Structures are given as structure tokens and as C-alpha cells.
4 protein chains.
Amino acid sequence: MPKTTFFNLPEEKRQKIIDAALEEFARQPFHKAKIATIAENAGISIGSFYQYFEDKKDLVKYILNLLAQKKLEYINQDMVANREKYGFFELCRAITYSGLRFAKENAKYIGIANTILADPSLQSEILGDNEQVTIEFYKELLEIGLAKGELDPNIDVDLVARFLTSLSFSLIDIVYKDRKIDLNDLESGIKVMDKLMGFIENGIKKRD
Amino acid sequence: MPKTTFFNLPEEKRQKIIDAALEEFARQPFHKAKIATIAENAGISIGSFYQYFEDKKDLVKYILNLLAQKKLEYINQDMVANREKYGFFELCRAITYSGLRFAKENAKYIGIANTILADPSLQSEILGDNEQVTIEFYKELLEIGLAKGELDPNIDVDLVARFLTSLSFSLIDIVYKDRKIDLNDLESGIKVMDKLMGFIENGIKKRD
Amino acid sequence: MPKTTFFNLPEEKRQKIIDAALEEFARQPFHKAKIATIAENAGISIGSFYQYFEDKKDLVKYILNLLAQKKLEYINQDMVANREKYGFFELCRAITYSGLRFAKENAKYIGIANTILADPSLQSEILGDNEQVTIEFYKELLEIGLAKGELDPNIDVDLVARFLTSLSFSLIDIVYKDRKIDLNDLESGIKVMDKLMGFIENGIKKRD
Amino acid sequence: MPKTTFFNLPEEKRQKIIDAALEEFARQPFHKAKIATIAENAGISIGSFYQYFEDKKDLVKYILNLLAQKKLEYINQDMVANREKYGFFELCRAITYSGLRFAKENAKYIGIANTILADPSLQSEILGDNEQVTIEFYKELLEIGLAKGELDPNIDVDLVARFLTSLSFSLIDIVYKDRKIDLNDLESGIKVMDKLMGFIENGIKKRD
DNA sequence: CATGAATGAGCCTTCATTCAT
DNA sequence: CATGAATGAAGGCTCATTCAT
């Protein structure tokens, strides 16, 4: 966690530092990213950087948490809170849709998490159980869907949850890498999503 | 590409070097992986290393090509050559199945490609058009399937090809990360695969 | 010398700063001792520190002077003032005894002077002529002793003075390092001292 | 301990590095001594330095060991081996004499050990039980002297051993700091020593 | 071809000191 | 006077690459 000095900073300055960090980590993997560059782009001195953060890892952890948090904010909290009232596929669509919006509005930084977490020597130390949380969330949705009779009772809940989790990352990947899909046209984004969701729906919904 | 001296080496020695490199890249991201370590584990001197390879990047490119090549070898070449004679889903299953076997027999090194390619500063330089190749291959299979009337004519060939490509990586990911799926029991591996393929099949096959 | 602001401080605050400095210098050599730590332990801000002291060296010089001064205070001033009236060995015993009491009551900080003065890059700059003063003092005592016929006229005054000075530091060293000598039992302290003084006395007193 | 690469170096080069280190540590305390300076004065690159030594501490430990070893070599090994055959004061004189010769021929570097070991944060880590060894050695000599009836049976063996040990360092200190004692005139060195030993002898020898 | 010592640019991190509030 | 954020020079250490043997 950043030191308290960081949080005492004026909003604007703090944001500038975060932006500089995001930019650098988007360009360089952890071990090649230079704090000097980050500091310079943030308009602060190296010494100041070390008054805000314990060290390089401290910064990375914070950035990653920020991204995770930001992504969560895109999800419709009302739907999540009242998940019982919505259909499974409706929820999945909403979640995926929020993921899309997140991707659209943060296109520049989506690759960062992947880049950072690809470093085996950081994973264990930095990565919390974010992924596990996502899996558990999908499992719960699936259980609800099964109880309501929306889903094929034969599906392997664990496996499907894992698959949906992995898929959500894939989706972002596709959107992120394929610049041909114009994210500024949200319409087309939704269409992409709908098609993908169609695959899933056809695959696991209950058939009469 | 490695220098000719490398290819003049006795098979055994060459393999030892490759193994050492794989091991190191599995443990460390590109910029933290040390040639000194690789050389030592390979039982050669640092000087020799530089007689075989141009530099560090040269080694990485070679290793990546090796892995791609090895994965290809797992695919039933007869089916690929005579792809016209097989059903689309049959081919997909076979390809996925080969991916599974590859994952099973090279579990240790699966993460390497991901780790290496997560480095944005390497991607453009090192990554060839491997992924594009895969996408094109799937597109061809889809076109054939469409021509044969196996597939729903409404699907977006480009998107589905992209999706299948991404999916194949996801699959490997799931298998790779989830140690609960006992890869030694190939039966279960196949079951996993079949379930996943079921989703796809339900999603894009032609319905009468 | 500290700035006047320092001496305007309430006694208590000043002492807290001194204590914090002593503590830090006891733990770390000059170049590793941190003003930030001293300031924090003293309950003042770094900025305040620099309002009291010119710089780090200023503090060290002051601390060293304080210790020297404090040690002097342990010596029976009456005996020193009227040195002519006392026997040489009586004076030596008294001085050594006072050194012991100083060591006992300031055990925690005895090592500081040694630690600081071991730094060659500081010695010339910081060290006054404290040691020379001590040597001169012993020389005077020896001259008096010789004049009174207490001492063997053949001794080399300069050398013995130097030796006694060095010895006084050795004594403190022994007491300081050897925790087996229970300083709380002053009785035993005196016994140690008496034995050491016995060596000297036998060595330089006039024999008839 | 230095790496093997260091010991593979030609004698001359090795010596140059040691000399450069001695010179730097004589001028600067541990935390201010710069490897860059040592490397430069030794005529090697910084990189080379780190191929010879693990790190700065590694070098210091080695230098300290060297000095201790060198000092030992000055002692008449025959006398030490056959200590039973020599008188206590004879042995003490010989040991002190060897210390003097060591001081004379290594005047420049005598202060180094003191300087380095004055750093509390290094003592525990670097200092072995060298001092304890010396104390034990003197204790043994004293026991032999007592058994032979050479010494006053009332002396406190432990205390005197400790005192002699401390004294041997003091002696070196005097010689080291007092440039007025011309060490090039060994005659005068011996005289100094004899006087000091006289004090001790008078203090602890058996009186009839 | 093999070797491994030599090189030095490069980067993280520290901390004494300053200064604006 | 008090504060504590800002500064940046400085130094330990790493490691890819070269080269003489």
C-alpha cells in the first residue's frame, strides 16, 4: 500500500502519478519499467516517488488493485445485489456488457494486468485471489439458475464457472487486441457480446 | 535464428541447452531470466552460448518457434491434409484433443509462451504472426463447414474464428492452472474437452 | 554548535532530542545514523531538527562534547582543584573510580564515542583535543608525584601519561563489554579497579 | 569469502586489490567506503570486483581475516608450540614484541580493524570470536605461569587475561597514533615495550 | 570451438538538506 | 517556530555481451 503521504496529495497530482505508472507499465514489463520514467512523466522527482510508495512492487500492487476496483464499478450494483430477481443469462449479459464498457473506456490499460501478472515471480506475491472470487461468483449465479430451472441440470457447475471466468478474460482480450472492432460504436460492441453469449446460452440452457 | 554452430552440435547437447532455456523462462520473465543460469544448467560456458546464439532475443525467438512447432506436431497431420474429408466439429475436436495432449505432455512449459509474450516490448519484435495463422486456419475450416452446410450460415466467420482461437488458449489455460483436472487420466481430459466443444457445437451448428 | 533556537527550547524537549540522538548513534555508525529516526524518536519534525542544528555533524560534535562534559562531572572537583594536597595514587584511584561510576550510570552510551571517533573521516574534524587534554592532565599529576618523591624518578613521564590515558579507555572497555561484571554492585566494580590500579602502582611507585 | 575467481587471479593483481581495499578502509568507514574507488585504485572495473567478491561485506570480512592472519604470522611459532618451556614474561615479551613488529611493518593499516569493528551493525556479523581466542590464550599462559610458581597466586586469572588482551590493543594504539615514536628505529620500539612490560611484571610476578 | 574473466551502462533506492506554508 | 513534502546526487549491485587465450 502507498504511504499516507500519497493519499494526502491533491487529487490531480495523485492521478497524474497513476496515469504515468499506467502508461509505463503498458509499455514495459515490470522489470523493465523505470521509476525514473514514471516520476518524470508524473512531473515529480524520484525522491518524491519514494515518499509516496514503499518501492516498485508497492506501486504495482496499488495499480492492480485500482484496475480491479474500477472494473467492479462498471458492474450494475443493483443487479448484483438483487441477483435472485434476474435471469441467469440476463445477469451474464449484464456482466459481460459491463466488462465491455470497462474495456472500451480503459482500452489503453487493459493489457497491463495481463502483462504484469504474466511474471511468475510476481504472481504469487501480488495476485490475490481475484480470479477465485470471480469463479465463486459465477458458481453462485449458476446455482441460482439451476434452482430456477433455467439451466441444463447436467452441466458441471465447477467447470462452467471456470469456463465463464476464463471466457470473460478472453472477451476482453479479443476486444483489446482487435482494433477492427470499433469500441467507440457501442452498438457493435453489444452485437459482439450478444453473439458470444449466444454460444454459451445455446450450450447450457435447459432444453425442453 | 541460432548460428550454424548451434546446429552442428550433437543432438544431446542441443537438447540440454533448450531444456535449460525452457526451465529458466518458465521461472523468470524475459528480463529477469539470466543467460548465466541457462548456460550453467546446460553445462556450457557463457562464451559458448554466444557462439550458438546471436543474443538473448535470438534464443527466445527460437524457443518460441520450437514450442509452436511442437504443438503442431501433436495435430493429426493426415486430418489436416485431408481436411475436406472430415466434419467441422470432428476437426475441431481433433485439434482441441491434440492441444490437450500437448498440454498434458508439456505441462511444465505451457506457461512459457504466455509469460514471454506478455511483454509488450517483445511482442512486436518476437511474435511472428502465429496467432494470425491460427485464426486463418480456423476461418478456412469454417468456410469449408459452411460450404458443406454443417454450420449456421448466419455466423460471423471472422468473429467465430477469432473466438475459437482465443478459446483454444483458454482451454489450455484451464488445464494448465487447474491441477484438479488430472491430466494423467486422459479420459477425464477428453471429457472436459467434449463438454467445452458441446457449447460451441450447440452455438454454431446448423439447426434444421 | 547548535543554533540558539535549540537552547531556547524547554529543558525537557532538549533532553528528548539528545536522548534520541544518543540512542541512534549507539545503534548506528555516523554515516548510517538517520536524522529522520532521531527526529521521530525525539517527537519533533525533520524541519525542526534543522532549526536547532546546522547539520548532522553539528549534532555529533554537540553530543560528543556533552559526553565529555558529563564524564568530567563525575570527577571529584574538589580533589582536582586541590590536586597538590592528594597523593598521586589516591588521585588516580579517584579518577578511575569516577570513570567507573560514569560507566555504570551511562552504560548504554559508553560505546558511542568510540563508535563515532572510529570514523577516520570524522576524527580530525570533530575530535577536539580531548585526548591531548587528558594526557596533559596525567602528565601534570605525574610531575607533582615526582616532585613529591612518590614516583620512581626513572619513569618516562610522557610515555606513562600516554599509557594511563589509554588504560582509562581500556578499563571502560572492559567494564562495558564484560557484562559479567555486575555494575550494579559497585563493590565489585571497585575491586576490579583496585586490582588494575595495583598493577600500575607496583609498576611506577618509588621503591626504597 | 571471496569467490574462487579471486583466488585464480595472479598474485600481483590480487595484492593490488587488497591494497586498494586497505587504503580505502583506512580512509573511510565501512559505509562511506566506495567500491568504485577501490576498483579504480586496484585498476579493475566495478564488474570485475563483483566477480571476485560477493559484496562489500564479503570484502571487509576477507580483509579482516587477512590482517588477523598476518598478525599471527609475526608470532614466533616455535615459542607458542613449546610454550611450556618458556617463562611467562618471556612469552609475553615475545608476543608483545611480535605485535610491535607487526605494527611497525603495517603501520598504515593498523587502524583499519578498529575503524571497521567500531560499527555496531557489523560487529556481530563480521567479528568472529577473535578476541575471545586471545583471552583464552592468555589465560592458558597464566595458568602455566601459576603452576610454575612464576606468578602471584592471588591474581584473578580471568581479569588479568582480559586486561592483557585489552592492553595488547592499547599498545598497538599508542604506537599507531603516536608518530613521535619512530617505529623505524626498532631499538626504541623495544624500549617502549620493555617499559610497559615492566609495569605488568611488577604488578603480577610472585614476590618472595 | 570452448572458455570465463572483464566490462560498464544502467537502475533501484537512500537520505541529508531545503523551503514553502 | 513548526512542519513535512520535495529534491536529486550518490552508490551498491546486476548482467548482457565481448574478447583474449
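Reminder, nothing fancy here: chain letters follow the sequence lines and each chain counts from 1. The structure presented is a predicted model; accordingly, all values stated were derived computationally and were not measured.
Inter-residue side-chain proximity for B:I38 and B:L59 is flagged as met; some heavy-atom pair is nearer than 4.5 Å. Looking only at side-chain heavy atoms (C-beta outward), B:I44 and B:K16 stay at 4.5 Å or farther from each other. Side chains of D:T37 and D:E23 form no contact here, defined as non-hydrogen atoms less than 4.5 Å apart.
If you check every strand for non-hydrogen atoms under 4.0 Å, A:A33 touches sugar and phosphate atoms only. Within the nucleic acid shown, B:I46 comes within 4.0 Å of at least one base atom, counting heavy atoms only.
Look at CG on D:L59: it is 11 Å from P on F:dG12, rounded to the nearest Å. Here the P atom of nucleotide F:dC13 and the OH atom of D:Y50 are 4 Å apart, to the nearest Å. The interatomic distance linking A:I35 (CD1) with F:dT7 (P) rounds to 16 Å, in whole Å. Between the NE2 atom of C:H31 and the C1' atom of F:dG11 there is a distance of 13 Å, given to the nearest Å. The interatomic distance linking B:Q28 (CD) with F:dA16 (P) rounds to 11 Å, in whole Å. Atom pair A:K32:NZ and F:dC15:C1' shows a separation of 14 Å (rounding to whole Å applied).
A tilted orientation is assigned to the rings of D:F6 and D:F53, their planes being inclined by 30° to 60°.
To the nearest 0.5 Å, atoms CD1 (D:I18) and NZ (D:K13) are separated by 13.5 Å.
When the nearest nucleotides of DNA chain E are assigned to C:K56 and B:G47 by heavy-atom distance, the more 5′-ward of the two goes with B:G47. Heavy-atom nearest nucleotides on DNA chain E were determined for B:G43 and for A:E54, and the one closer to the 5' end corresponds to B:G43.
Interface limits on DNA chain E: the 5'-most and 3'-most nucleotides within less than 4.0 Å of chain B heavy atoms are E:dC1 to E:dG4.
The pair D:E11-D:R14 meets the salt-bridge criterion, since a charged nitrogen lies less than 4.0 angstrom from a carboxylate oxygen.
A heavy-atom distance below 4.0 Å to DNA chain E is reached by these residues of residues 5-18 of chain D, ordered by number: D:T5, D:K13.
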Let's test your reading of the pairing rules: Watson-Crick or G-U wobble, both distances under 3.5 Å, then write DNA chain E as a dot-bracket string with ( ), [ ], | and dots.
.||||||||||||||||||||
